[in-house]
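See structure below.
Excluded from the calculations below are hydrogen atoms, water molecules and symmetry mates; all remaining heavy atoms, backbone and side chain alike, are included. Numbering starts at 1 and runs along the sequence shown. This is a predicted model, so every value here is computed, not measured.
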Amino acid sequence: MLRWLIGGGREPQGLAEKSPLQTIGEEQTQNPYTELLVLKAHHDIVRFLVQLDEYRFASAGDDGIVVVWNAQTGEKLLELNGHTQKITALITFPSLEACEEKNQLILTASSDRTVILWDCDTGRQVRKVSCFQSTVKCLIVLQRLDVWLSGGNDLCVWNRKLDLLCKTSHLSDTGISALIEIPKNCVVAAVGKELIIFQLVAPTGESLEWDILEIKRLLDHQDNILSLVNVNDLSFITGSHVGEMIIWDILDWTMQACECNFWDPSPQLDTQQEIKLCQKPNDISIHHFTWDEENVFAAVGRGLYVYNLQMKRVIACQKTAHDSSVLHVAKLPNRQLISCSEDGSVRIWELREKQQLAVEPVPTGFFNMWGFGRVNKQASQPIKKQQENATPCSLELIGDLIGHSSSVEMFLYFEDHGLVTCSADHLIILWKNGERESGLRSLKLFQKLEENGDLYLAV
């Protein structure tokens, strides 16, 4: 474990016209993360992080190992070995309320076609399932029903003892890429470019068996769905490979809103350049969402977009937030946002209100997304008027954390212990609030002096 002190930003990357990437100088006055701890335990790409409690987290990746860490000190607490291939999913498994032992459990899935239940307090392998016909790509726990689901080429329902309760037929060779829970004992599964609604039927007096029923298929996406999350008690949201963001009603599964305008053609570009620009799917792929009460924050290609749920439109964006695709975003207190990217950087942003600034009209229509045709000025007048009446915002860069040498896959935020990032460079970095850490070290020193009586001697 290495501790570093840091104090600089990203080096300029050449002339401004060559790279529209926003940069920040050496003096990052609003960036609290001025110290870091480098944690080494993995031997391959680290893809997953999960928070266990207020001071512990677990990491997993392509080496098949799960490591439990202390988020305060960076100490390696446990190493869990049981998988023979890369780990494909990692979630916490809450203990029963009535259970006296409140041990922290996790579930891991692997390319070796197994799922293991671990005790993170002891490091013990509690149970293991090895009967899968395909790799499990996602896991979800339905705590109210006390069951968990695994998604691969089919969807399986399991109890706490890891007994198979029921399963669907073969769904797709590509498999289920994401799962979320919605009301009425239902789950939503992303399978390619389709969303499938399943309902779980619990045992009753008439039937002692569990069952899982396909209720509906939503076919509105034009390409593969990459992200699927619950936004609030009313909605869930999906994002696709070609930049479609759809907000769905969580009760009747109807479309509430759709946004495809995640790029804004520059007036200087001719039509051929626009088409060429927009034919790169990675430029508009939606990899991840986060949200708060008012907004959805979307990682779209290399950019970040803020979509207001009430206005049903984008209110702020940073089209080139990173040099490469943004993989993960998270909302922090004080209107701040953190993003990480394939370019190896982690950046902190602040959502600010603009004051009396003109806003360009957002292009409308599906074909505008692909760059075909120009925006009709008359048609855009109502939109422009609506934008001017609203309060537009901007995303301003306030911190640039440079420590990883390869793609940063995801991160965790601990209010008291800092930020944890994992990367394809096999490392985990624990970013610390320098001012807070300095204060803690001073406090420990005074306590030690007081215990030894040296403090009074010095006085």
Inset, instruction - Over all heavy atoms of both residues, which pair between Ser235 and Ile247 is shortest? Give the atoms and the distance, please. - result: CB-CG2, 3.8 Å
Inset, instruction - May I ask you to decide whether Asp146 forms a salt bridge with Arg160, counting only side-chain N to carboxylate O separations under 4.0 Å? - result: yes
Using a 3.5 Å cut-off and no angle test, enumerate the donor-acceptor pairs between side-chain atoms of residues 123-135 and protein atoms at least two apart in sequence or in another chain.
residue: Arg127; atom: NE; partner: Lys161; partner atom: O; Å: 3.4
residue: Lys128; atom: NZ; partner: Gly82; partner atom: O; Å: 3.4
residue: Ser134; atom: OG; partner: Asn153; partner atom: N; Å: 3.0

Inset, instruction - Kindly indicate whether the side chain of Lys319, heavy atoms from C-beta on, has any atom under 4.5 Å from the side chain of Arg302. - result: no
Inset, instruction - Using atom types as modelled and distance alone, determine if a side-chain donor or acceptor of Asp343 lies under 3.5 Å from a backbone N or O of Asp323. - result: yes
Inset, instruction - Count the heavy atoms belonging to other residues, nucleotides or ligands that lie under 6.0 Å from CG of Asp416, then report whether that count exceeds 12. - result: yes
Inset, instruction - Could you check if a side-chain atom of Leu430 sits within less than 4.5 angstrom of a side-chain atom of Leu36, using non-hydrogen atoms only? - result: no
Legend entry - Glu79 atom CD: more than 12 heavy-atom contacts under 6.0 Å: yes
Inset, instruction - Kindly give the heavy-atom pair with the smallest separation between Leu78 and Cys120, and that separation in Å. - result: CD1-O, 3.1 Å
Legend entry - Spacing of CG belonging to Asn433 relative to CG belonging to Leu419, to within rounding of 0.5 Å: 11.5 Å
Inset, instruction - Please confirm whether the backbone N or O of Lys312 pairs with a side-chain atom of Asn308, one donor and one acceptor, at under 3.5 Å? - result: no
Inset, instruction - Grab the two heavy atoms, one from Glu259 and one from Tyr307, that are nearest each other, plus how far apart they are. - result: OE1-CE1, 3.7 Å
Legend entry - Any Trp248 side-chain heavy atom under 4.5 Å of Trp253 side chain: no
Inset, instruction - Mark yes when over 12 heavy atoms from residues, nucleotides or ligands other than Lys76 sit less than 6.0 Å from its NZ; otherwise mark no. - result: yes
Inset, instruction - Report yes or no: do His287 and Ser227 form a side-chain donor-acceptor pair below 3.5 Å? - result: no
Inset, instruction - Indicate yes or no: at least one non-hydrogen side-chain atom of Leu304 is less than 4.5 angstrom from one of Val326. - result: yes
Legend entry - Any donor-acceptor N/O pair, Ser110 side chain to Gln85 backbone, under 3.5 Å: yes
Inset, instruction - For Ile250 and Asn230, work out which heavy atoms get closest and say how close. - result: CD1-OD1, 3.7 Å
Inset, instruction - Hey, could you give me each pair passing salt bridge (charged side-chain N to carboxylate O under 4.0 Å, His left out) that has a residue in residues 192-203? Not counting sequence neighbours. - result: Glu194-Arg217
Inset, instruction - Check whether any side-chain heavy atom of Val188 sits under 4.5 Å from a side-chain heavy atom of Leu179, and report yes or no. - result: no
Legend entry - Heavy-atom side-chain proximity of Leu332 to Ile338 below 4.5 angstrom: yes
Inset, instruction - Using a 4.5 Å cut-off on heavy atoms from C-beta on, say whether the side chain of Leu397 contacts that of Arg347. - result: yes
Inset, instruction - Report the residues that fulfil salt bridge (charged side-chain N to carboxylate O under 4.0 Å, His left out) with Arg113, sequence neighbours left out, ordered by chain and then residue number. - result: none
Inset, instruction - Keeping to residues at least two apart or across chains, list the ring pair (Phe, Tyr, Trp, His ring centres under 6.0 Å) pairs with something in residues 109-130. - result: none
Inset, instruction - Return yes if a side-chain donor-acceptor contact under 3.5 Å exists between His404 and Asp425, otherwise no. - result: yes
Legend entry - Residues forming a salt bridge (charged side-chain N to carboxylate O under 4.0 Å, His left out) with Asp112, sequence neighbours excluded: none
Inset, instruction - Would you check if Phe93 and Gln104 make a side-chain contact, meaning some heavy-atom pair closer than 4.5 Å? - result: no
Legend entry - Distance, nearest 0.5 Å, that separates SG of Cys340 from NE2 of His288: 9.0 Å
Inset, instruction - Given side chain to side chain contact (heavy atoms under 4.5 Å, CB included), test Leu117 with Leu105 step by step and report yes or no. - result: CA-CA 7 Å; Leu117 179 65; Leu105 305 175; 4.0 Å; yes
Legend entry - Worked verdict on Leu77 versus Val67 for side chain to side chain contact (heavy atoms under 4.5 Å, CB included): CA-CA 8 Å; Leu77 302 175; Val67 182; over 6 Å; no
Legend entry - Whether Glu214 side chain and Ile197 backbone form a donor-acceptor pair below 3.5 Å: no
Inset, instruction - Using the six-membered ring wherever Trp is involved, compare the ring planes of Phe411 and His328 and label them parallel, tilted or perpendicular (cut-offs 30° and 60°). - result: perpendicular
Legend entry - Pair Arg56 + Asp121, salt bridge at N-O below 4.0 Å: yes
Inset, instruction - Indicate yes or no for a side-chain donor-acceptor contact from His417 to the backbone of Ala71 under 3.5 Å, with no hydrogens or angles considered. - result: no
Legend entry - Short side-chain to backbone donor-acceptor contact, Trp210 and Leu165, under 3.5 Å: no
Inset, instruction - Enter the distance from Leu139:CG to Cys156:SG here, rounded to the nearest 0.5 Å. - result: 11.0 Å
Legend entry - Gap between atom OG of Ser423 and atom CD1 of Ile429 - 0.5 Å precision: 7.5 Å
Inset, instruction - Enumerate the residue pairs fulfilling side chain to side chain donor-acceptor pair (under 3.5 Å) with a member in residues 167-180, sequence neighbours excluded, ordered by first and then second residue. - result: Asp154-Lys167, His170-Asp173, Ser172-Thr174
Legend entry - Donor-acceptor contact below 3.5 Å, side chain Ser341 vs main chain Ser324: yes
Legend entry - Side-chain donor or acceptor of Glu244 paired with backbone N/O of Gln222 under 3.5 Å: yes
Legend entry - Nearest heavy atoms of Gln30 and Arg352, plus distance in Å: OE1-NH2, 3.1 Å
Legend entry - Phe48 CZ to Ile45 CD1 distance, which is reported to the nearest 0.5 Å: 11.0 Å
Legend entry - Ring centre gap for Trp148 and Trp158 strictly below 6.0 Å: yes
Inset, instruction - Quick one: pull up SG in Cys166 and CG in Leu200 and give me the separation to the nearest 0.5 Å. - result: 6.0 Å
Inset, instruction - Kindly give the heavy-atom pair with the smallest separation between Glu350 and Asn334, and that separation in Å. - result: OE2-O, 4.3 Å
Legend entry - Backbone N/O of Val136 and side chain of Thr88: donor-acceptor pair under 3.5 Å: yes
Inset, instruction - For the pair Ser285 (side chain) and His241 (backbone), establish whether a donor and an acceptor sit closer than 3.5 Å, ignoring hydrogens and angles. - result: yes
Inset, instruction - Flag the pair Glu409 and Arg47 as a salt bridge only when some basic side-chain nitrogen lies within less than 4.0 angstrom of an acidic carboxylate oxygen. - result: yes
Inset, instruction - Could you walk me through whether Trp431 and Thr421 pass the side-chain hydrogen bond (donor to acceptor under 3.5 Å, both in side chains) test, one step at a time? - result: CA-CA 8 Å; Trp431 305 85; Thr421 57; 3.0 Å; yes
Inset, instruction - Verify side chain to side chain contact (heavy atoms under 4.5 Å, CB included) between Gln318 and Thr320, making sure each step is shown before the conclusion. - result: CA-CA 6 Å; Gln318 190 63 244; Thr320 311; 5.7 Å; no
Inset, instruction - Please report the C-alpha distance between Glu396 and Gln22 in whole Å, then the side-chain angles of each, then the deciding distance to 0.1 Å, and finally whether the side chain to side chain contact (heavy atoms under 4.5 Å, CB included) criterion is met. - result: CA-CA 9 Å; Glu396 299 299 324; Gln22 193 175 137; 3.9 Å; yes
